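Report on the structure given below.
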Amino acid sequence: MLLSKLLLPTLKDSPQEAEVISHKLMLRAGMIKKVASGIYTWLPLGLKVLRNIENIVREEMDASGAQEVFMPMVQPKELWEETQRWDKMGPELLRIKDRHDRDFCLGPTHEEVITDIIRNNVKSYKELPLNLYQIQTKFRDEVRPRYGIMRGREFLMKDAYSFNMDEESLQETYLAMREAYKTILERIGLEFKISAADSGAIGGDSSEEFHVLADNGEDTIAVSDSSEFAINTELLLKEGEDIQSLEGNPSPDGKGTIQIKKGIEVGHIFKLGKIYADDMKANVLNKEGKASTLYMGCYGIGVSRLVAAAIEQNNDERGIIWPHNIAPFDINIIAIGYDKNEEIASASQNLYKELTQMGYDVLLDDRKDGYGTKMKDSELIGIPLNIIIGKQYLENKEIELKSRNGDSSTNPISDIKTILDFFKDK
RNA sequence: CGGGAUGUGGCGCAGCUUGGUAGCGCACUACGCUGGGGGUGUAGUGGUCGUCGGUUCAAAUCCGACCAUCCCGACCA
């Protein structure tokens, strides 16, 4: 991609609407544009990151045996009445009417729709277990949207729903999802904790949250400093615990001591049990030929929220530092004097072609600007590796490799192997 | 919904106290110089001053209502 052709409206000053670092950087890096409170357009650069995360999520969900579906965003009132949620849910459920005055809502979640599909299409225990997922836009009319994409009203979510014959089967699917989530977050490259959580309004037996640790997180979690153990302090507060006094205590799992940290909830897995299946009469015939109510689980990942969470955890005073697996581009070729010097232009074009053929997603900064402007933008948008081609190339056919982490080296332009090495150990 | 604040070109801001018909920096356009850390010269483009109403000869400025946005709280699979 030629940078001169890319819609990339970077900003020097952050708009006053932004408070937290991820929001500021997403606006400054030209990733998003606000349309209304909590509602954003994803610009090309932001969308690339969003898609990268989405693809990792999709790959791991498929690998876990789940199947992808795509459900409607607009859902009829009747389904929501079956679970009484049409009345139970507050104004965060955005209700709308069609031209025939029929009631609908914008889907904040999809238990009703998916359960309706299963009860109509699955009749035998032989067809189970099933785990269906989608990656789709959700709408929740939050009381107070904030922090940009982190808590928007419209957001992208991966939601999966499993249907099992019994608790043992549900437990198996639940653990498979737990593992898939760990792999997803590891692949994205984020530091996270898994905490026991309040299962809240969605109900159900038990649930765990996946938290990305970050100072601007909305949740306060008690974590062990030397194990995976964590617990959402919401639960502890309900039990009357004094949160601050827990800091420094031995961890309940016997490993390390407790620290109070801020986390961003990016995933939540639930064992729902029979609650929705009971309400919606979702049952199949068991081995004895008797109707048996299904056990359900649901498993969510905030895909768009992960973009913000990744930035919260990976930035410096110059901008974003993308983990390699989700970076919008792998390499930025910073061509100094591209518009004036034939040699620079053709050398950078050749390099671009070569790297692209090798499978890298490459950006070529062919703009008329100087080194400073180009580097500042590249650092702001967080490209992992910069290749600078300028004076040193003209003098002795050398280029400089400069990573976003600060490593740099000067190499002959023919030494592409060095570039490969840069990515190998990441 | 309670508390606080803000709304002036794409972004950041000044002007408002003391009314006189809109300005600065960045960005943007053209041309030149420059070309390894947001460089520079000349000439330009772009604004119903959130909206509606009121006061006044005259409103970005004073008054009122409303709207939008942000922060804290309550809320939240």
Side-chain angles (χ1 to χ4, degrees), chain A residues 7-20 23-24 27-30 33-39 43 83 85 88-93 107-112 138 140-148 150-153 155 157-161 197-204 206-210 216 218-219 232 234 265-272 275-276 296-302 305 318-319 334-341 344 365 367-380 386-395 398-400 402 408 410:
Chain A
L7 177 62
L8 182 68
T10 58
L11 299 170
K12 268 190 202 176
D13 304 305
S14 37
Q16 74 177 170
E17 72 189 52
E19 184 74 11
V20 300
H23 190 193
K24 285 182 179 170
L27 291 169
R28 287 190 53 209
K33 176 81 179 84
K34 184 173 69 181
V35 175
S37 180
I39 299 175
L43 298 175
T83 56
R85 289 210 288 184
K88 276 187 195 162
M89 291 194 80
E92 68 271 16
L93 183 68
T109 180
H110 282 71
E111 282 84 6
E112 283 80 1
K138 294 279 189 282
R140 292 180 193 172
D141 199 358
E142 296 281 354
V143 182
R144 184 147 90 88
R146 60 185 131 178
Y147 306 152
M150 190 119 82
R151 187 175 200 78
R153 292 192 288 176
F155 57 98
M157 177 176 218
K158 186 285 301 175
D159 46 328
Y161 305 87
D198 188 343
S199 43
I202 202 161
S206 64
S207 77
E208 288 174 296
E209 292 170 344
F210 290 71
N216 285 322
E218 290 188 273
D219 290 274
N232 195 316
E234 276 175 36
E265 182 193 346
V266 297
H268 204 155
I269 54 178
F270 294 83
K271 279 190 259 182
L272 294 173
I275 48 174
Y276 291 101
M296 281 179 68
C298 76
Y299 319 94
I301 287 184
R305 183 179 279 181
R318 294 180 174 187
I334 300 202
I336 302 162
Y338 183 96
D339 60 310
K340 283 274 179 66
N341 190 302
I344 295 286
D365 195 342
R367 294 177 301 177
K368 217 172 171 173
D369 302 281
Y371 176 77
T373 304
K374 294 186 178 189
M375 273 311 293
K376 290 284 185 196
D377 270 344
S378 191
E379 286 165 338
L380 175 62
N386 294 291
I387 299 178
I388 299 134
I389 173 161
K391 203 173 285 175
Q392 291 175 350
Y393 174 76
L394 295 177
E395 284 164 6
E398 285 182 337
I399 53 175
E400 185 187 347
K402 196 168 181 175
S408 71
T410 302

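No hydrogens, no waters, no symmetry mates; every other heavy atom, side chains included, goes into these values. Given the structure is predicted, the values throughout are model-derived calculations rather than measurements. Letters A, B, ... are given to chains in the order of the sequence lines, protein chains preceding strands, and every chain is numbered from 1.
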Quiz prompt | P-based separation of B/rU69 from B/rC11 [nearest Å] | solution = 15 Å

Exercise. Tell me what A/K33 touches on the nucleic acid: a base, only sugar-phosphate, or nothing, going by heavy atoms under 4.0 Å.
Key: nothing

Quiz item: Would a distance-only check, ignoring hydrogens and angles, find a side-chain to backbone donor-acceptor pair under 3.5 Å from A/K374 to A/R367?
Solution: yes

Self-check item: Euclidean distance for C1', B/rG64 against B/rC71 (whole angstrom)
Solution: 26 Å

Quiz prompt | Nearest-Å distance for atom pair CD/C1', residues A/E142 and B/rC1 | solution = 15 Å

Quiz item: Could you give the CD1-to-P distance, from A/I388 to B/rG35, as a whole number of Å?
Solution: 18 Å

Quiz item: Which is true for A/D159 with a 4.0 Å heavy-atom rule: it touches a base, it touches only sugar-phosphate, or it touches nothing?
Solution: nothing

Practice problem: Looking at every strand, decide which applies to A/Y147 at a 4.0 Å heavy-atom threshold: base, sugar-phosphate, or nothing. | Solution: sugar-phosphate

Quiz item: Quick check: does any side chain N or O of A/K138 sit under 3.5 Å from a backbone N or O of A/K158, one acting as donor and the other as acceptor?
Solution: no

Quiz item: On a whole-Å scale, what distance lies between the C1' atoms belonging to B/rC49 and B/rU61?
Solution: 10 Å

Quiz prompt | Side-chain donor-acceptor pair present, A/T83, A/E112, cut-off under 3.5 Å | solution = yes

Quiz prompt | Nucleotide paired to B/rC11 in any strand shown, Watson-Crick or G-U, under 3.5 Å | solution = B/rG25

Quiz item: Between B/rG35 atom P and A/R367 atom CZ, what is the distance in whole Å?
Solution: 19 Å

Practice problem: Determine the contact category for A/P9: base if any of its heavy atoms lies under 4.0 Å from a base atom, sugar-phosphate if only primed atoms, P, OP1 or OP2 are that close, otherwise nothing. | Solution: nothing

Exercise. Would you mind classifying the nucleic acid contact of A/D377 as base, sugar-phosphate or nothing, using non-hydrogen atoms under 4.0 angstrom?
Key: base

Quiz item: Which nucleotide, B/rU69, B/rG37, B/rA74, lies nearest any side-chain atom of A/R146?
Solution: B/rA74

Self-check item: Nucleotide opposite B/rA74 in a Watson-Crick or G-U pair, distances under 3.5 Å
Solution: none

Quiz item: With respect to the side chain of A/K340, which nucleotide from B/rC70, B/rG37, B/rG35 is positioned closest?
Solution: B/rG35

Quiz item: Mind checking the C1' distance from B/rU45 to B/rG39? Whole angstroms is fine.
Solution: 23 Å

Exercise. Please figure out whether A/K376 or A/P15 has its closest RNA chain B nucleotide nearer the 5' end.
Key: A/P15

Practice problem: Just call it for A/L11: base, sugar-phosphate, or nothing, with non-hydrogen atoms closer than 4.0 Å on any strand. | Solution: sugar-phosphate

Quiz item: After noting the C-alpha distance and the side-chain angles of A/Y338 and A/I389, does the key distance pass the side-chain contact (heavy atoms from CB on, under 4.5 Å) rule?
Solution: CA-CA 9 Å; A/Y338 183 96; A/I389 173 161; over 6 Å; no

Practice problem: Classify the nucleic acid contact of A/E17 as base, sugar-phosphate or nothing, counting any heavy atom under 4.0 Å across all strands shown. | Solution: sugar-phosphate

Quiz item: Taking atom C1' in both B/rG38 and B/rA5, what distance in whole Å separates the two?
Solution: 32 Å

Quiz item: Which nucleotide in the list B/rG37, B/rC26, B/rG25 gets nearest to the side chain of A/D13?
Solution: B/rG25

Quiz item: A/Q16 has a side chain; which of B/rG12, B/rG35, B/rC70 sits nearest to it?
Solution: B/rG12

Quiz prompt | Closest to side chain of A/D339, choosing from B/rG35, B/rG38, B/rA74 | solution = B/rG35

Practice problem: With C1' as the reference atom in both, quote the distance from B/rG50 to B/rC70 in angstrom, rounded to an integer. | Solution: 15 Å

Quiz item: Within this structure, what is the CD-to-P distance between A/E218 and B/rC72, rounded to whole angstrom?
Solution: 9 Å

Quiz item: Is it true that a side-chain atom of A/R28 and a backbone atom of A/T10 form a donor plus acceptor pair closer than 3.5 Å?
Solution: no

Quiz item: Rounded to the Å, how far apart are A/D365 CG and B/rG35 P?
Solution: 18 Å

Quiz item: What does B/rA5 pair with, Watson-Crick or G-U, if both distances are under 3.5 Å?
Solution: B/rU69

Quiz item: If only side-chain N and O atoms of A/Y393 are considered, is one of them under 4.0 Å from the OP1 or OP2 phosphate oxygen of B/rG35?
Solution: no

Quiz item: CD of A/E19 versus P of B/rC72: gap in Å, rounded?
Solution: 7 Å

Quiz prompt | Residue pair A/R305 / A/F155, side-chain heavy-atom distance below 4.5 Å | solution = no

Quiz item: What is the base-pairing partner of B/rC33, counting Watson-Crick and G-U wobble geometry with both distances under 3.5 Å?
Solution: B/rG39

Quiz item: Using the C1' atom in both, what is the distance from B/rU18 to B/rG9, to the nearest Å?
Solution: 28 Å

Practice problem: Ignoring backbone atoms, establish whether A/R144 has a side-chain N or O less than 4.0 Å from OP1 or OP2 of B/rC1. | Solution: no

Self-check item: Distance in angstrom units between A/K12 NZ and B/rC28 C1', rounded
Solution: 13 Å

Practice problem: Just call it for A/E379: base, sugar-phosphate, or nothing, with non-hydrogen atoms closer than 4.0 Å on any strand. | Solution: base

Self-check item: Opposite nucleotide pairing with B/rU56, Watson-Crick or G-U, both atom distances under 3.5 Å
Solution: none

Quiz item: After noting the C-alpha distance and the side-chain angles of A/R85 and A/L93, does the key distance pass the side-chain contact (heavy atoms from CB on, under 4.5 Å) rule?
Solution: CA-CA 9 Å; A/R85 289 210 288 184; A/L93 183 68; over 6 Å; no

Practice problem: Please work out if A/K34 contacts a base, only the sugar-phosphate, or nothing of the nucleic acid, heavy-atom cut-off 4.0 Å. | Solution: sugar-phosphate

Self-check item: Per A/V143 side chain, nearest of listed nucleotides B/rC71, B/rC1, B/rC11
Solution: B/rC1

Self-check item: Distance, P atom - from B/rG25 to B/rC33, rounded to whole angstrom
Solution: 25 Å

Quiz item: Are any non-hydrogen side-chain atoms of A/I336 and A/I344 less than 4.5 angstrom apart?
Solution: no

Quiz item: Which pair of non-hydrogen atoms, one from A/G152 and one from A/E142, has the smallest distance, and what is that distance?
Solution: O-CG, 4.0 Å

Self-check item: Phosphate-side-chain proximity, A/S14 and B/rC11, N/O vs OP1/OP2 below 4.0 Å
Solution: no

Exercise. Taking only the side-chain heavy atoms of A/K368 (C-beta and beyond), determine which of B/rG35, B/rG38, B/rU69 contains the nearest atom.
Key: B/rG35

Quiz item: Quick one: A/L394 CG to B/rG35 P, roughly how many Å, whole number?
Solution: 12 Å

Practice problem: Report the residue (A/E398 or A/G148) whose heavy-atom-nearest nucleotide on RNA chain B is the more 5′ of the two. | Solution: A/E398

